[in-house]
4 protein chains.
Amino acid sequence: MSLDKKEHIIDVAIELFAEKGFEGTSIRELAAKADVNLAMVNYYFGSKDKLFEAMVEYKVSFMRGKIEELEKDKSLSELEKMDKIVEGYVERFLSHPEFHKVLQQEMLVSPREEMHKRVMGIFKQNTENITHIIERGIRKKVFKKVDPQLTFATLIGTINQVLMSKSLCNILTGKDEKFNPYTDEHFKKRIINHLKQILHDHLLLH
Amino acid sequence: MSLDKKEHIIDVAIELFAEKGFEGTSIRELAAKADVNLAMVNYYFGSKDKLFEAMVEYKVSFMRGKIEELEKDKSLSELEKMDKIVEGYVERFLSHPEFHKVLQQEMLVSPREEMHKRVMGIFKQNTENITHIIERGIRKKVFKKVDPQLTFATLIGTINQVLMSKSLCNILTGKDEKFNPYTDEHFKKRIINHLKQILHDHLLLH
Amino acid sequence: MSLDKKEHIIDVAIELFAEKGFEGTSIRELAAKADVNLAMVNYYFGSKDKLFEAMVEYKVSFMRGKIEELEKDKSLSELEKMDKIVEGYVERFLSHPEFHKVLQQEMLVSPREEMHKRVMGIFKQNTENITHIIERGIRKKVFKKVDPQLTFATLIGTINQVLMSKSLCNILTGKDEKFNPYTDEHFKKRIINHLKQILHDHLLLH
Amino acid sequence: MSLDKKEHIIDVAIELFAEKGFEGTSIRELAAKADVNLAMVNYYFGSKDKLFEAMVEYKVSFMRGKIEELEKDKSLSELEKMDKIVEGYVERFLSHPEFHKVLQQEMLVSPREEMHKRVMGIFKQNTENITHIIERGIRKKVFKKVDPQLTFATLIGTINQVLMSKSLCNILTGKDEKFNPYTDEHFKKRIINHLKQILHDHLLLH
DNA sequence: AATGAATGAGGATTCATTCAT
DNA sequence: TATGAATGAATCCTCATTCAT
């Protein structure tokens with residue numbers, strides 16, 4: 001049960017799911033692209049659905065825990081925490097753009113009940129953690145009385161919007177068709193600056 | 001070719017595509033839910049792909065031209081225009097939430113080349129119109145030197161985030177599972193207020 | 001019940017059946033090419049099968065009776081009769097090449113029981129008439145003791161071979177792809193000469 | 001990929017295509033008659049069209065090369081070569097009558113572009129080889145100045161005519177409905193004799 | 001542990017035909 | 001008489017999955 005092969009299949013699956021969606025990707029195609037036997041996918045993962053679950057499980061482990069730690073950190077102000085969160089999110093989303101596209105699809109459509117709940121759970125956790133930070137900032141009178149939930153929606157929504165599609169992103173930012181925004185350091189900074197700026201403007205009393 | 005029946009099929013299609021995605025929806029299922037003969041879909045629309053195109057064409061006509069008019073209106077300040085845009089967008093997106101979910105999917109995955117370009121074109125138009133307004137505000141020194149494109153991404157991304165999934169939205173806003181945010185007047189106002197506030201904070205000099 | 005329209009449909013049907021076969025031609029396509037309503041074909045002819053029958057009936061009437069008359073003609077020798085038959089056959093086959101292609105198909109495959117028998121009947125009649133002429137020639141000692149049936153097969157088979165496909169015929173005769181052998185007067189004479197020559201060689205004592 | 005099963009499917013396909021034509025034969029029917037799963041045909045051959053191609057490829061290999069060898073043989077006279085060709089053709093056509101019916105159909109109608117060209121190519125090769133032999137006979141003054149191409153058409157057309165349909169053949173030769181001419185040794189000799197005789201009569205100077 | 005062969009269920013689409021008008 | 005709308009059956013093909021080895 002070569003772990004490498006499993007990982008390889010998952011990587012190819014992410015690519016294909018991001019490009020064509022879960023339903024639009026056939027196991028045949030996946031096996032061909034991953035250069036493994038057609039029966040391997042079912043042999044390793046049990047079914048196409050379970051491959052999806054394994055994929056989420058495998059990738060999600062990379063992106064957990066960061067925010068929880070942040071929240072507990074007493075040495076940082078709420079604004080500094082928000083800045084860290086912006087940096088962390090942008091960093092993470094842009095370094096796994098395809099996986100996040102798959103997750104976005106999973107949020108949009110949800111025939112896989114269990115998986116949906118799973119992803120929802122993670123999202124809920126993040127929502128709560130970040131709204132708590134904002135609420136504390138409000139209580140401490142360093143933040144204005146904003147709408148914490150929708151402020152989080154703005155943060156995550158802006159990144160998702162950019163992440164939605166490479167060509168959409170290039171239209172948005174006026175770049176050339178072939179430009180890959182997700183690997184561009186300048187672009188990453190541009191997003192981080194924008195998000196920090198807009199959150200500062202929105203949150204801070206002046 | 002009873003127009004009512006065509007419209008009915010399109011309405012059911014939007015529902016199903018929003019719920020299960022284009023690939024995840026079978027014509028069989030669609031015909032069953034719309035209570036029409038299986039062959040009707042191909043009879044009316046030619047193919048599943050063309051049904052999708054007809055659907056977009058049909059719905060898009062409802063939402064065109066508003067922003068162009070707005071831009072040309074000399075009597076409104078840039079800030080007033082942005083407020084109008086927020087109201088218009090939220091109004092429109094929340095009154096056709098399922099259709100917009102389908103469009104979001106189309107942006108995420110794109111096996112339908114032609115349709116993809118079509119939807120991209122609309123998006124591009126909107127991007128340009130709104131960034132123009134922001135840029136004019138900047139030139140007139142009523143707006144700060146913000147990033148116009150990403151500011152638009154924030155606007156549209158926030159709405160999309162909320163629209164992504166009913167249950168996601170309810171998690172976000174802390175509502176009950178059964179609550180329908182898209183038909184709730186209070187919720188609509190909440191989003192509009194948040195967006196206006198965040199744009200004011202971000203755009204205006206103080 | 002405009003007769004012109006019926007004839008028109010039949011003409012278009014022959015074209016299409018010759019080109020794509022009976023099963024390979026859809027009523028939709030036929031109606032489109034004939035520029036009539038889809039339901040017209042069934043309305044006029046009852047069904048696709050009956051259209052075929054009507055087509056055969058309609059065209060066959062043109063080509064009947066000639067040989068019977070010939071056989072009874074006492075003023076001509078057997079050889080002269082054979083020459084007349086060659087001329088008549090070539091003339092007739094080459095002026096309705098598409099219809100004869102359809103008949104050839106009908107001989108090759110036969111899902112239409114009734115029609116098959118009908119066409120067989122005509123063929124049988126022709127076989128008998130011509131073999132009678134040959135047999136009489138043999139009895140009169142003007143013809144050699146040939147195989148009358150297979151001699152007829154040679155006559156009809158040679159024409160059919162040429163008629164099978166335009167491009168096949170052009171390969172056979174070394175002509176250009178675009179050449180239409182069936183409307184060429186020289187080619188017609190070439191076939192007639194060949195057939196007369198080969199029958200003379202085969203039939204006549206020397 | 002059990003070769004036996006592939007061959008079996010091809011054999012059944014030939015039977016059915018000969019009987020009902022390509023378009024007239026459904027994969028369902030084919031699978032049922034061959035007693036294999038419906039999906040097997042596509043599994044083995046990829047598509048109905050490719051099954052056809054495989055069928056031709058498979059059978060054609062049996063019947064290649066014979067005539068080329070013959071042409072190069074210096075020890076035989078042109079007349080002897082023609083006799084050999086007659087024997088070879090009749091032998092081959094009558095031992096695979098159904099396959100040749102399928103090929104005849106392919107010549108008559110041609111929606112399968114590639115296959116058509118393929119079969120045309122074989123035919124062209126045969127045409128050239130045989131007309132070369134006849135032409136050499138003419139140059140050597142052992143044959144009369146006949147029309148080489150149409151003489152070949154007569155040879156092949158006669159066989160095709162007989163092969164067209166069992167019942168047609170029985171009508172032609174005055175046999176009973178149930179008689180199978182293609183497996184009858186006497187009948188084979190009858191055709192061979194007729195063809196040799198008619199070619200001798202036609203080709204030889206006297 | 002790994003895989004080529006095989007399969008049943010379901011995919012979209014096209015068909016000839018019918019029906020209401 | 002003529003036709004647009006509608007339909008059930010059948011088309012080919014692809015799917016995820018399983019099984020024997």
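Since the model is a prediction, treat every value here as computed from it, not as a measurement. We name chains A, B, ... by the order of the sequence lines, and we start the count at 1 in each one.
In this entry the distance linking CD1 of Ile9(C) with C1' of dA16(E) reads 15 Å, nearest Å. In this structure, the CE atom of Met40(C) is 16 Å from the P atom of dA16(E), given to the nearest Å. Put simply, CD1 on Ile27(B) is 20 Å from P on dA10(F), counting in whole angstrom units. Between Leu30(D) atom CG and dC12(F) atom P the separation is 9 Å, expressed in whole Å. In this structure, Glu23(A) atom CD and dA12(E) atom P are separated by 12 Å, rounded to whole Å. Between the CZ atom of Phe52(C) and the C1' atom of dT17(E) there is a distance of 20 Å, given to the nearest Å. Rounded to an integer number of Å, the gap from Leu51(D) CG to dC13(F) C1' is 14 Å. Across the protein-nucleic acid pair, Asn37(B) atom CG and dA12(E) atom P stand 14 Å apart, rounded to whole Å.
Between Asp49(A) and Glu29(D), the residue anchored closer to the 5' end of DNA chain F is Glu29(D), taking for each the nucleotide with the nearest heavy atom.
For dA1(E), there is no paired base (Watson-Crick or G-U wobble, both distances below 3.5 Å). Here dT7(F) sits opposite dA16(E) as a Watson-Crick or G-U wobble pair (both hydrogen-bonding atom distances under 3.5 Å).
Remark: side-chain polar atoms of Lys59(C) are not paired, donor with acceptor, to backbone N or O of Ile10(C) under 3.5 angstrom. Not a single donor-acceptor pair under 3.5 Å links the side chain of Glu29(B) to the backbone N or O of Leu16(B). Lys101(A) places no side-chain N or O within donor-acceptor distance of the main-chain N or O of Ser165(A), the cut-off being under 3.5 Å. In this structure, the side chain of His8(B) engages the main chain of Ala34(B) through a donor-acceptor pair within 3.5 Å. Looking only at distances, a side-chain donor or acceptor of Gln105(B) sits under 3.5 Å from a matching main-chain atom of Phe17(B). For Glu15(B) (side chain) and Lys33(B) (main-chain N/O), no donor-acceptor pair under 3.5 Å exists by modelled atom type.
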Which atoms of nucleotides 18-21 of chain E (N or O only) lie under 3.5 Å from a protein N or O atom, and what are those distances?
none

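Closest approach to the Ser26(A) side chain among dT11(F), dC15(F), dA16(E) is made by dC15(F) (side chain taken as heavy atoms from C-beta onward).
Close to dA10(F), at under 4.0 Å from its OP1 or OP2, lies no side-chain N or O of Arg28(D). Considering only side-chain N and O atoms, Lys5(C) lies nowhere under 4.0 angstrom from the phosphate OP1 or OP2 of dA2(F).
Classified by interplanar angle (parallel below 30°, tilted 30° to 60°, perpendicular above 60°), the ring pair Phe22(C)/Phe52(C) is perpendicular.
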